[in-house]
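Report on the structure given below.
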Amino acid sequence: MDSILVTGNGALSGSIPIAGAKNACLALMPATLLSEEPLTLLNAPRLSDIRTMTQLLQSLGAEVSALQDGKVIAMSGHGVDNPLAHYDIVRKMRASNLVLGPLLARLGEAQVSLPGGCAIGARPMDIHVTALEQLGAVIDLRDGYLHAKAPAGLKGAEITLRFASVGATENTVMAATLAKGTTVLKNAAREPEIVDLVKCLRAMGAQIEGEGTSTIVIDGVDRLHGATHRVVTDRIELGTYMIAPVIAGGEVELLGGEIALVEALCEKLDAAGVAIEQTNAGLKVRRKNGRIQAVDVRTEVFPGFPTDLQAQMMALMCTAEGTCVLEETIFENRFMHAPELMRMGARIEVAGGTAKVTGVERLKGAPVMATDLRASVSLILAGLAAEGETLVNRVYHLDRGYEQVEQKLSAVGARIERVQGQ
Ligand code: UD1
């Protein structure tokens, strides 16, 4: 298994292009199941999660090809005829569950394996299931699979999610596009990836209003047609690389970055002593002067501080002046990076869903273990600021969500290289 070797090398300078959003793309790809006609995605990120979704859609009968070195994904749902999302693929990636709503809407049935536990928490599917049942589906659990049926088609309904789940909102909106009548989805998630999905569905002929607010109204149509859609910028990759010049020093411009995508992060960075400037090309980020100040952070659903940036923020706070508390409210077990950061000299006390972090002057390089996608990158960020070498093991997590991380960081002066596994 490959590892990443980072050697603390001082200030960074230059620019980093930000890719299309992994989480948007993983919801946009299953939208191809809703139509017989071609759906083309531009600005797709080149990641192993995207290849997993490609494999899953192909197994359902969709045509999916990566063009222009993977930046364009050309799909067609013409041949979709298999309602079975097999455990062998679903267990690799939870986002596979996003085929449930579209398959039900298009084929009137779906059998989707439950994704199983994942490192950051239990992550059940009850919100997806309840919402789809309210649209008229009959769903039961057998042999580890959700067996869903809607023989007479789905029917629009008024649905209130018990929690603003991103995936449940995406599944329900996709299913409702082909339901009979109107669906009013309340307590819907408001993440930019949902707004992006709705834009694409609308380009395919869906009748949807209210995306980006907590009430989304969908008027079902008989069929959706083909479309070409550009994937929104990845706000998590953007936020991650915004932290790089803050932790390592220097100034970096994040190409394609927009403040609107990362407002909660900008607010915290501003309070910590970071200068952020919107330019024509993106966002320029640097420390104002002196050491970063400790700031408390609580993860929340959008527009609150994203859980997917919590680990990176913790790495930064490990080097800040003072003590702060990071509170994780979205996932129950998302501090696995804390003990790894402590191996690098960080002072962290975890108690349940909170972590108290007291900054140290300088982290020290160490061999560490990547435990999930965002944890991996937080260790790389910590390595940029550490004295000596940090070897991040088990980087397959990283390849799920960050394209060309070594190239992007080397281009701004970081000393980072991939060490091939045995
Ligand atoms: C998406 C993102 C992930 C991000 C998360 C929260 C994708 C592909 N992934 O994941 O990177 O960290 O949003 O911003 O877009 N829950 C239930 N029952 C359900 C569904 C969810 O209890 O039926 C719980 C989960 O266990 C979790 C919380 O709700 O604790 C948030 O989950 P959700 O918003 O659904 O996240 P995902 O869509 O899985």
Side-chain angles (χ1 to χ4, degrees), residues 20-31 44-45 47-50 52-53 56 90 92-101 112 114-134 139 141 146 148 159-174 185 187-197 214 231-232 234-240 261-262 264-265 298-313 327-337 353 372-378 397-398 400-402:
K22 168 181 86 79
N23 286 351
C25 206
L26 290 175
L28 290 161
M29 291 175 74
L47 302 167
S48 66
D49 270 7
I50 301 298
T52 303
M53 183 58 86
L56 176 60
V90 177
K92 290 192 202 164
M93 182 182 72
R94 180 177 160 87
S96 305
N97 64 24
L98 295 174
V99 301
L100 176 61
V112 178
L114 277 184
C118 96
I120 61 176
R123 304 180 91 177
M125 289 277 295
D126 59 302
I127 306 174
H128 302 242
V129 168
T130 308
L132 294 170
E133 282 175 343
Q134 285 175 278
I139 305 181
L141 175 67
L146 290 172
I159 300 169
T160 303
L161 302 182
R162 74 163 170 82
F163 170 80
S165 152
V166 174
T169 300
E170 292 165 342
N171 249 331
T172 312
V173 168
M174 284 194 275
L185 182 62
N187 198 26
R190 291 181 281 168
E191 272 68 2
E193 293 74 23
I194 302 218
V195 174
D196 203 42
L197 172 64
S214 50
V231 181
V232 68
D234 195 316
R235 65 196 167 96
I236 306 301
E237 191 195 29
L238 170 62
T240 301
L261 291 172
V262 280
L265 173 68
R298 181 174 199 266
T299 63
E300 277 165 303
V301 294
F302 191 84
F305 193 94
T307 173
D308 286 350
L309 286 174
Q310 178 259 108
Q312 300 88 314
M313 195 65 178
E327 191 185 347
E328 174 57 58
T329 73
I330 308 294
F331 292 108
E332 65 267 36
N333 184 24
R334 208 175 193 180
F335 285 137
M336 277 106 54
H337 40 283
D372 69 58
L373 170 54
R374 308 303 171 185
S376 323
V377 86
S378 76
H397 290 293
L398 195 72
R400 290 186 42 212
Y402 288 88

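Whatever order the structure lists ligands and atoms in, that order sets their numbers, starting from 1. Fair warning: this is a prediction, and the values are worked out from it, not measured in the lab.
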_Atom indices of ligand 1, in the order listed, that fall short of 4.0 Å to a heavy atom of Thr307_ = 6 (C), 12 (O), 14 (O)
*Is a side-chain N or O of Asp234 found less than 3.5 angstrom from the main chain of Lys22, in a donor-acceptor match?*
yes
_Contact check: Ile127 vs ligand 1, nitrogen or oxygen atoms, below 3.5 angstrom_ = yes
*Check Asp308 against ligand 1 and report side chain, backbone, both or neither, counting heavy atoms closer than 4.0 Å.*
side chain
*Does the distance from a Lys or Arg side-chain N to an Asp or Glu carboxylate O, for Arg400 and Asp372, drop under 4.0 Å?*
no
*asked:* I'd like to check which ligand 1 atoms, numbered from 1 as shown, lie under 4.0 Å from a non-hydrogen atom of Phe163.
replied: 28 (C), 29 (O), 31 (C)
*Arg94 N/O to ligand 1 N/O under 3.5 Å*: yes
*With no hydrogens and no angle check, is any side-chain donor or acceptor of Thr130 less than 3.5 Å from a backbone partner on Ile127?*
no
*What atoms of ligand 1 come closer than 4.0 angstrom to any heavy atom of Gly167?*
35 (O), 38 (O)
*asked:* Given Phe305, which partner from the list Arg298, Met313, Glu300 fulfils the side chain to side chain contact (heavy atoms under 4.5 Å, CB included) test?
replied: Met313
*Specify side chain, backbone, both or neither for Met125, according to which of its non-hydrogen atoms lie closer than 4.0 Å to ligand 1.*
backbone
*At a 4.0 Å threshold, what atoms of ligand 1 neighbour a non-hydrogen atom of Arg334?*
12 (O)
*asked:* Is there a polar contact between ligand 1 and Glu191, counting only N or O atoms under 3.5 Å apart?
replied: no
*In terms of atom number and element, which parts of ligand 1 are under 4.0 angstrom from non-hydrogen atoms of Val166?*
1 (C), 13 (O), 33 (P), 34 (O), 35 (O), 38 (O)
*Is Ser165 close to ligand 1, meaning an N/O of one under 3.5 Å from an N/O of the other?*
yes
*Take every heavy atom of Pro124, measure it against each atom of ligand 1, and state whether any distance is under 4.0 Å.*
yes
*ligand 1 versus Ile330, non-hydrogen atoms closer than 4.0 Å: side chain, backbone, both, neither?*
both
_Between His128 and Asn171: side-chain donor-acceptor atoms closer than 3.5 Å_ = yes
*Using a 4.0 Å heavy-atom threshold (strictly under), name the region of Arg162 that reaches ligand 1: side chain, backbone, both or neither.*
side chain
*Relative to the heavy atoms of Ala95, which atoms of ligand 1 are at a distance of less than 4.0 Å?*
8 (C)
_Minimum heavy-atom separation for Pro303 and Ala264, please, with both atom names._
O-CB, 3.5 Å
_For Ala189, is there any backbone N or O sitting under 3.5 Å from a side-chain donor or acceptor partner on Thr169?_
yes
*asked:* Residue-level breakdown please: for Lys22 versus ligand 1, do any non-hydrogen atoms fall below 4.0 Å on the side chain, on the backbone, on both, or on neither?
replied: neither
*Are any side-chain N or O atoms of Glu237 and backbone N or O atoms of Gly239, one a donor and one an acceptor, separated by less than 3.5 Å?*
no
_Quick check: closest heavy atoms across Thr299 and Thr307, and the distance to 0.1 Å?_
CG2-CA, 3.7 Å
*asked:* I'd like to know if Arg235 and Asp308 make a salt bridge, using a cut-off of under 4.0 Å between side-chain N and carboxylate O.
replied: no
